[in-house]
There are 2 protein chains.
Amino acid sequence: MTQGSSKNATIIEVARRAGVSSATAGRVLGDYGYSSPEVREKVRAAAAALGYRPNRLAKGLITGKTQTIGVVVGDIESPFYASVLRGIGDVARRGGFGVIVTNSDENADLEREAVQLLLEKQVDGLIVSSTFVDEPDHLREAVAARCPVVQFDRIVAGLETDSVVVDNVSVTRNSIAAMIAAGHSRIGILAELGPGHRDDVGSFVANVDLSSFDVRYHHPSWQRLLGYLEAHRAAGIDPDLRLIRRVAVYSSEAARKEALDLLTMRNMPSALFTADGVMSTGVLEATSALKLAIPGDVSLLCFDDLDWMQFVAQGITAIAQPAHLIGAAAAELLLKRLAEATLPFEHRVLAAQIVERNSIAVHGQL
Amino acid sequence: MTQGSSKNATIIEVARRAGVSSATAGRVLGDYGYSSPEVREKVRAAAAALGYRPNRLAKGLITGKTQTIGVVVGDIESPFYASVLRGIGDVARRGGFGVIVTNSDENADLEREAVQLLLEKQVDGLIVSSTFVDEPDHLREAVAARCPVVQFDRIVAGLETDSVVVDNVSVTRNSIAAMIAAGHSRIGILAELGPGHRDDVGSFVANVDLSSFDVRYHHPSWQRLLGYLEAHRAAGIDPDLRLIRRVAVYSSEAARKEALDLLTMRNMPSALFTADGVMSTGVLEATSALKLAIPGDVSLLCFDDLDWMQFVAQGITAIAQPAHLIGAAAAELLLKRLAEATLPFEHRVLAAQIVERNSIAVHGQL
DNA sequence: CTGAAAGCGCTTACAG
DNA sequence: CTGAAAGCGCTTACAG
């Protein structure tokens with residue numbers, strides 16, 4: 001079948017062997033334009049004999065399309081992003097697209113570099129979870145270069161593109177409201193709250209009392225804090241600022257320390273909410289070190305990406321992010337736009353699931 | 001600085017604006033050949049004014065190098081592969097390379113398709129974890145096309161390339177030996193044992209008694225089973241075949257069922273070894289359902305990728321795979337080979353770490 | 001040090 | 001339906 005030749009055959013060589021012009025060979029192999037059945041036969045036979053493999057670089061150069069999606073995530077190693085990438089990859093493959101992945105480490109410089117590299121590689125579109133929600137320039141450049149962008153998880157202010165986010169505010173509000181209804185009035189919250197937004201927590205809590213406050217352009221952890229505050233306000237509880245802990249980094253170790261502090265303070269909270277799965281691990285270490293029973297001595301609620309099943313198994317109520325669906329939706333939006341650039345921008349809000357011990361069955365959906 | 005023009009400027013336009021030839025502009029912007037300081041100044045100014053962005057497709061077409069690595073993993077969503085990818089990505093970025101990722105779903109057809117796509121995209125090299133260790137053709141094709149391959153986790157028989165693996169046999173042998181030394185004589189083992197190799201477990205156990213048996217070309221779970229068998233033989237224990245469970249899929253649910261069966265059989269094992277982290281979760285569900293104390297009623301040892309910290313916190317001894325290092329090493333080997341094609345093939349065997357409750361500090365190393 | 005010309009491997013109008 | 005020619009955006013010898 002294929003020849004063991006080291007240098008790959010080109011369309012010219014296939015054409016010569018088939019006794020046709022390179023234009024004709026191109027039409028057959030690239031499956032465009034017209035060609036007679038006999039010619040098709042001959043060209044395909046020649047291609048097979050030579051082990052012809054199309055060079056997508058040349059095709060991309062001429063068509064302006066590479067059938068490649070560029071993705072920028074914070075860290076491919078985090079369960080959330082890994083799962084999002086899986087969703088993107090599945091949809092991309094079905095559409096015949098490849099995926100180039102880059103890690104930004106939630107660092108603005110690396111993110112800019114990554115976007116630049118992807119544009120130089122001529123990706124057809126970009127799916128990004130941007131670190132800073134107030135720095136739109138590098139993404140605007142992409143859009144200007146006719147490279148459509150889909151944002152997920154976070155939305156950059158002043159950058160109109162397709163986007164996919166989770167209903168962070170409402171699902172957190174509902175979950176915290178349920179905790180309050182169950183009798184908890186002092187609920188601690190551990191959230192990252194950075195680096196996407198530069199507010200300090202105090203002024204955020206103060207400002208948010210204005211009902212017009214817009215958290216669309218905040219990182220998810222700020223949105224979750226808002227849900228927490230709204231639930232308290234609806235119940236007529238003035239939240240104790242000392243119960244609100246900003247961890248600042250996605251670190252279980254940092255969360256462990258904050259949790260230890262929370263769980264040993266005078267007038268300690270009867271329940272804890274962690275706005276991220278990585279932090280939940282740290283909180284568990286703290287409760288274990290203090291020999292606290294869950295949900296006896298303290299109740300836990302956590303927002304999580306992938307590991308929620310085992311949290312639930314330990315008696316923790318979890319809010320599960322549909323990470324895989326986020327990725328799939330983002331890729332779908334992108335492919336749709338690549339097919340039809342003039343559509344109005346679409347903004348999808350996916351529902352997160354509240355998972356308790358008795359409803360593990362929801363697993364199958366995610 | 002940059003112009004809002006929608007179509008990207010080419011080197012020709014930059015050259016025209018700078019009043020030089022395109023060859024000269026190319027030399028300056030591409031940083032090759034000679035150019036005088038004054039010309040450099042002019043060209044760079046022109047490029048900045050036009051918002052010039054190099055087209056790597058064109059460059060790749062002409063140089064034959066795309067500065068891109070193609071990666072094939074089973075499932076980017078699994079902690080092991082996610083972590084490996086992180087390691088690859090870090091090294092690749094430092095070397096100025098991009099990374100195209102594809103999931104094979106441990107399916108031979110998808111794997112072949114993925115390799116084909118990557119070759120068409122003209123990746124400079126391939127890092128793969130191949131599903132079937134006895135199907136080398138698609139990878140041979142890559143090598144024939146001057147696209148070097150680095151294998152990791154598993155080695156395909158009859159395909160000489162650089163590779164990175166873990167010392168599965170010896171670390172498992174040592175861990176099981178420690179369990180035996182601690183008094184366990186009936187140790188259950190749950191391992192995937194498929195689909196990479198077509199042996200059935202019985203004939204594997206029988207054959208492996210020949211000391212010449214070569215498991216280099218088996219999937220890791222077979223190698224771990226070998227370590228288990230060797231430890232038993234060294235202690236003079238004839239392993240009970242009913243204690244060896246082949247789960248066949250990477251599924252915590254399947255592992256849960258096997259574990260339930262093992263832990264309720266007559267003459268139940270006093271310890272369990274799971275050859276994979278995903279399965280460990282299933283085993284934990286089984287012990288929890290049976291209200292067994294760990295390590296009181298049963299001791300657990302698990303081979304794991306990323307979540308071992310929380311297993312250790314629960315009193316389970318874990319063997320931690322250096323997944324991140326595997327990826328980094330694979331990428332290093334590839335970049336080395338791209339720089340120097342004639343080196344002899346390198347085969348790196350990385351050590352896995354045994355992590356017990358008192359040695360959590362090892363965390364920092366991984 | 002610089003420029004004119006050729007060419008990487010394809011696709012795209014345009015004649016025929 | 002097919003072919004000759006031009007061209008995508010660069011880099012590479014080769015003169016000068």
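Residue numbering restarts at 1 for every chain, and letters A, B, ... go by the order of the sequence lines.
- The listed nucleotides are D:dC10, C:dA13, C:dT2; the one nearest the side chain of B:T24 is C:dT2.
- Here C:dA4 sits opposite no nucleotide as a Watson-Crick or G-U wobble pair (both hydrogen-bonding atom distances under 3.5 Å).
- Across the protein-nucleic acid pair, B:K65 atom NZ and C:dC8 atom P stand 16 Å apart, rounded to whole Å.
- Between the OH atom of B:Y34 and the P atom of D:dC14 there is a distance of 15 Å, given to the nearest Å.
- For the pair A:A23 and B:G33, both in contact range of DNA chain C, the more 5′-proximal nearest nucleotide belongs to B:G33.
- Contact between the side-chain N/O atoms of B:S36 and the OP1/OP2 oxygens of C:dT2 is found at a separation under 4.0 Å.
- Side-chain proximity of A:K59 to C:dG3, C:dC10, D:dG9: nearest is C:dC10.
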| request: Apply side-chain contact (heavy atoms from CB on, under 4.5 Å) to the pair A:E106 and A:D75, showing each step before the final yes or no. | output: CA-CA 8 Å; A:E106 306 288 356; A:D75 175 13; over 6 Å; no
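- Of the candidates C:dT2, C:dG3, C:dC8, C:dC8 carries the atom nearest the B:L61 side chain, counting heavy atoms from C-beta on.
- Nearest heavy-atom pair, B:D124 versus B:T66, reported as atom, atom and distance to 0.1 Å: OD1-N, 2.8 Å.
- You'll find that the side chain of B:R27 is closest to C:dT2, out of C:dT12, D:dG9, C:dT2.
- To the nearest angstrom, C1' of C:dG7 lies 14 Å from CG of A:N55.
- Computed from coordinates, the B:D31 CG to D:dT12 P distance equals 13 Å when rounded to whole Å.
- The CG-P distance, from B:L50 to D:dG9, rounds to 14 Å in whole Å.
- Contact annotation: A:Y32 side-chain N/O to C:dA13 OP1/OP2 distance is not under 4.0 Å.
- Between the A:Q151 side chain and the A:L159 main chain, a donor and an acceptor come within less than 3.5 Å of each other.
- The OG1 atom of A:T102 lies 12.0 Å from the CD atom of A:Q116; values are rounded to the nearest 0.5 Å.
- Under the side chain to side chain contact (heavy atoms under 4.5 Å, CB included) test applied with B:I155, the options B:H347, B:H219, B:E160 reduce to a single match, B:H347.
- Distance CG (B:L29) to C1' (D:dG9): 12 Å, rounded to an integer number of Å.
- Residue A:V20 has its side chain nearest to D:dG3 when only C:dG3, D:dG3, D:dT11 are considered.
- The nucleotide whose nearest atom lies closest to any side-chain atom of B:I11 is, among D:dC10, C:dT2, D:dC1, D:dC10.
- Comparing D:dG3, D:dT2, C:dG7 against the side chain of B:I62 picks out C:dG7 as the nearest.
- Nearest to the side-chain atoms of B:V39 among the listed nucleotides C:dC10, D:dT12, C:dT2 stands C:dT2.
- What separates CD1 of A:I12 from P of C:dC8 is a distance of 8 Å, to the nearest Å.
- Among the nucleotides D:dA5, C:dC1, C:dC10, the one closest to the side chain of A:T10 is C:dC10.
- The main-chain N or O of A:I12 is never found under 3.5 Å from a side-chain atom of A:R17 such that the two would form a donor-acceptor pair.
- For C:dA13, there is no paired base (Watson-Crick or G-U wobble, both distances below 3.5 Å).
- B:K42 places its NZ atom 12 Å from the C1' atom of C:dC1, with the value rounded to the nearest Å.
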